[in-house]
Structure formats: structure tokens, C-alpha cells
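Below you'll find the structure, written out as C-alpha cells, and then a few comments.
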Amino acid sequence: MILLTGGTGFIGSHAAVELLSGGYDVIVLDDLSNSSFEVIDRIEKISGIRPKFVQGDVKDVAVLNKLFGEFPIEGVMHFAGLKAVGDSFKYPLEYYSENVVGTCVLLSVMQAFGVYDIVFSSSATVYKPSNDMPLSEQAEVGEQSNPYGRTKAVVEKMLADLALSDPKWSIAILRYFNPIGAHPSGLLGEAPNGVPNNLVPYITKVLTGKLERLHVFGDDFDTEDGTGVRDYIHVEDLSLGHLKAYEFLKHHSGVNVWNLGTGIGHSVFDVVRAFERVTGRSIPYEISARREGDIARCWANPSKALLDLEWKAERTLDDMVRDAWRWAQYNLN
Ligand SMILES: NC(=O)c1ccc[n+]([C@@H]2O[C@H](COP(=O)([O-])OP(=O)(O)OC[C@H]3O[C@@H](n4cnc5c(N)ncnc54)[C@H](O)[C@@H]3O)[C@@H](O)[C@H]2O)c1
């Protein structure tokens, strides 16, 4: 059985479907601070199997002790955490507590119960902004531009120290680039509360009339059209990467790091145009000032994942946008 912390969230819910469809037994631990219980019904609807669910906080030792005591958990995918870059400037203690302390508590309980396989959700924000593109896993880590990125870098260091202390640990650090898209059924997707921080949920809110216009943060970056360039990856491709990484851990110990990206950079305007193509509507936008910490360009060299895991992202930007739009139409109204 695999424990998915944060398994009712955006990425965790897609990973749950992938694992259940692959024959794994899944138990979800989520405090529902950024997701809802209905996601469990939807995971069941898609996969035909209902995952076990426990509502609780990953920082709560008693909850974890009970969970590991009651269920035959063999490995963990750790998604639970906070992820809004902007908020991390305002609430650094919450970010360190959820992301760093939460992981520390989880790892301690795993160790106590002799569970040593973990897949951790890291981020491309751990890389030094001055690295050349594309980013391989050897690119320098450091000088993260925001507290969120620093919490991920701290956890990566903690995992490396843990692996050094005991060869029983098998750890996968997955550095996600920009996960977007949704399940093609329209049943699972990204549902941020309030005004979204990320481009795609923002655009879908504009298209469904919830927000008036898109704010493009900066059109004077050193990129082809002046807007920020990112490596968008479909959440379903990302989920398959988790399954492959977990299977790799069965035969390899120590710390293993993989970039999960497509290797292709798309600008803000590329994404806007893809939405316009897919929906047949135009997206009103205005140029606003750059946001603190935003870098011009970021995309992956994903070849290590291909080599080690035989994994590669297959879906195009239009696939991602089509699925995100279907999800938005079914759920945002
Ligand atoms: N979405 C992205 O763009 C992105 C990029 C890089 C890395 N990540 C990382 O991937 C992971 C999953 O991201 P997501 O986009 O699915 O986010 P999400 O907010 O949709 O999912 C996180 C889930 O964790 C739960 N959670 C939060 N704190 C918890 C706690 N203390 N105990 C139990 N549950 C808790 C939330 O209720 C939510 O369901 C996060 O660690 C995030 O930092 C996300």
C-alpha cells in the first residue's frame, strides 16, 4: 500500500488514479486545507477503485503513528504542502512549518515503522536563477528567489542527509517544472481558492467570466516575445513519472533526483494563444509590472528521466490547455 499525503490535491489526485489503475493499493492522508473530500469520489469514478482516506495533518505525529500502525504502508508519495510563491513571502513561518516540519515529522514516523521508500514533490525553483537553459539535474541549486523555493531546497538537503545516515532509504526527488492540465474526464483538476497565482487557472477564470482580464506580469523579459517562458507539463504525464520513480526505488537506494518537464519552453503569450485556439475566444489582458522573484526563462533537460525511468512527457501544450478548459467548464460554474 502506498500513502499519498496531499492525495486529494491537484497533483496527488492524478497520481492516485495512476497508481490505482496500475494495480497499487492507495491510502490518502489530507487535511483538506486546499482540496475537498469529493475528490475521493471522483478518483473512484475514474479508476473504479475507492482509495482509503484519512483526514489529518501530516505534522501530527499521533495521526501518522495510527496510520502506519493500522495499514501495511510500504512507501510514500509526499505531496502535502503549501505552494504559492507570493504567499510564501507573506507567511514564511507557515511555509517552513508545512513544507519542512511536515516532511521532517513524516520521515521520522516512516523511520520508526521501517518504511524507507519516498517520492518527494520538489520544484524547479530550487535551481539557481542564473543557470543556463535547459536545466539538467547537475545545474546549480541555490539562490532561490522565494521562501517557497527555499523550503523545497531545505527538504532536499534533509533527504540527502537522511540517505547518508542509512542506506535503507530509497528516495526520489522529483523537480516539477510547471504542472498544468487536468484529467481528460473533466473530473479532476486544479481548483485554487480566490485569485489564482498561476497562469492557467487565471486564464480559465477570465474565460469563465470570474475575472475581468489577465494580468501579464512583465513583457520586457529577455525572451522572444518579452513574456516569461516556462516548461509546462501535463499533470497526467507528471503522474506517470511518479509511478515510474516509485518503481525505480524498489531496486535502487540512496537519493535520486529527476527533472519532470517536457524540455520545451512556452511564453505567456504562447499559452494565451493556445487557449484562444482551443476555445475560439479571445482573452482580454493587460501588461502589469513584473512580480517579485519571477525569472525570465526556465525549462528542463528531462533526459535523465528518460534514461533511468523510460519516462518522457507525451502531451502537447494544446492537450494541456484542452483538458484544463474542459475541467474549468465542468467545475468553475
Ligand atoms: N502545482 C505546482 O505548480 C507545483 C510545482 C512544483 C512543486 N509542487 C509541489 O507538489 C505538491 C503538490 O502540489 P499541488 O499542486 O497538488 O498542490 P495542492 O494544494 O493542490 O495539493 C496539496 C494538498 O496537500 C494538502 N495539505 C496541505 N497541507 C497539509 C498538511 N499539513 N497535512 C495534510 N495535507 C495537507 C492540501 O489540502 C492539498 O490537498 C506540493 O508539495 C507542491 O509544493 C507543485
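Atom set for the values below is all heavy atoms of this structure, side chains included, hydrogens, waters and symmetry mates excluded. Note that ligands are numbered from 1 as they come in the structure, with each ligand's atoms numbered from 1 the same way.
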Using a strict 4.0 Å threshold on nitrogen-to-oxygen distance, state whether Glu190 and Lys83 make a salt bridge.
yes

The residue among Val105, Val76, Asp117 that forms side-chain contact (heavy atoms from CB on, under 4.5 Å) with Met110 is Val76

query: So, Asp231 versus Tyr176: side-chain donor-acceptor pair below 3.5 Å or not?
result: no

| query | Can we say Glu236 and Arg315 salt-bridge, meaning some charged N sits less than 4.0 Å from an Asp/Glu carboxylate O? | reply | yes

Ligand 1 atoms nearer than 4.0 angstrom to some heavy atom of Ser121 are 9 (C), 10 (O), 11 (C), 41 (O)

Practice problem: Give yes if a backbone or side-chain nitrogen or oxygen of Glu190 is under 3.5 Å from a nitrogen or oxygen of ligand 1, and no if not. | Solution: no

Residue, atom and distance of the protein heavy atom nearest atom 28 (N) of ligand 1 read Glu98 OE1, 3.3 Å

Looking only at protein heavy atoms, what sits closest to atom 19 (O) of ligand 1 is Asn34 ND2, 2.7 Å

Among the heavy atoms of Lys152, does any lie under 4.0 Å from an atom of ligand 1? yes

Is it true that Lys128 and Glu143 make a salt bridge, defined as a side-chain N closer than 4.0 Å to a carboxylate O?
yes

- Sub-4.0 Å heavy-atom approach of Thr5 to ligand 1: no

Notebook entry, point to check: In terms of hydrophobic clusters joined by side-chain contacts under 4.5 Å, are Leu29 and Leu82 together?
Noted result: no

| query | Are Arg50 and Asp41 close enough for a salt bridge, meaning some N to O gap below 4.0 Å? | reply | yes

Taking only non-hydrogen atoms of Ser33 and a 4.0 Å limit, the atoms of ligand 1 in range are 26 (N), 27 (C), 28 (N), 36 (C), 37 (O)

Would you sort out whether Lys312 and Asp237 count as a salt bridge (Lys or Arg N to Asp or Glu O under 4.0 Å), showing the intermediate values?
CA-CA 8 Å; Lys312 149 167 165 301; Asp237 281 327; over 6 Å; no

* Hey, are Asp308 and Lys304 close enough for a salt bridge, meaning a charged N less than 4.0 Å from a carboxylate O? -> yes

In ligand 1, the atoms that come under 4.0 Å of a heavy atom of Ser35 are 37 (O), 38 (C), 39 (O)

So for Asn178 against ligand 1, with non-hydrogen atoms under 4.0 Å, the contacting part is neither

When distances are taken from atom 14 (P) of ligand 1, the protein heavy atom at minimum range is Lys83 NZ, 3.7 Å

Closer than 3.5 angstrom, by distance alone: can the side chain of Ser170 be matched with the main-chain N or O of Ile118 as a donor-acceptor pair?
no

of all protein heavy atoms, closest to atom 25 (C) of ligand 1 is Asp30 OD1, 3.2 Å

Nearest heavy atom to atom 30 (C) of ligand 1, choosing from Val235, Leu4, Asp31, belongs to Asp31

Within 4.0 Å of some non-hydrogen atom of Asp57, the atoms of ligand 1 are 30 (C), 31 (N), 32 (N)

Test side-chain contact (heavy atoms from CB on, under 4.5 Å), reference Val26, set Val17, Ile49, Leu19, Ile43, output is Leu19

For Gly81, the ligand 1 atoms with a heavy-atom partner under 4.0 Å come out as 24 (O), 27 (C), 28 (N)

The protein heavy atom nearest to atom 6 (C) of ligand 1 is Tyr176 CD1, 3.5 Å

Walk me through it: do Arg175 and Glu137 pass the test salt bridge (Lys or Arg N to Asp or Glu O under 4.0 Å)? CA-CA 9 Å; Arg175 294 183 182 148; Glu137 291 80 356; over 6 Å; no

re atom 12 (C) of ligand 1, the protein heavy-atom contact at minimum distance is Phe79 O, 3.4 Å

Is there a polar contact, in the sense of an N or O pair closer than 3.5 Å, between Val58 and ligand 1? yes

Note: heavy atom closest to atom 33 (C) of ligand 1, options Pro201, Gly6, Gly56, Ser36, belongs to Gly56

Within the structure, does Pro179 bring an N/O atom to less than 3.5 angstrom of an N/O atom in ligand 1? no

- Hey, does Ala80 come in under 3.5 Å of ligand 1, counting only N/O atoms on both sides? no

Near Leu32 (heavy-atom distance under 4.0 Å), the atoms of ligand 1 are 37 (O)

Atom 21 (O) of ligand 1 sits nearest the protein heavy atom Gly9 CA, 3.4 Å

Under 4.0 Å between heavy atoms, the region of Ser122 that gets near ligand 1 turns out to be backbone

Assess the side chains of Thr8 and Asp30: does a donor N or O sit below 3.5 Å from an acceptor N or O?
yes

Check your understanding: Going by distance only, is there an N or O of Leu29 that falls short of 3.5 Å from an N or O of ligand 1?
Key -> no

among protein heavy atoms, the one nearest atom 43 (O) of ligand 1 is Tyr148 OH, 2.8 Å

Please check this pair: side chain of Arg150 against backbone of Gln144, looking for a donor-acceptor N/O pair closer than 3.5 Å.
yes

Has Lys152 got a side-chain atom pairing as donor or acceptor with Asn99's backbone, closer than 3.5 angstrom?
no

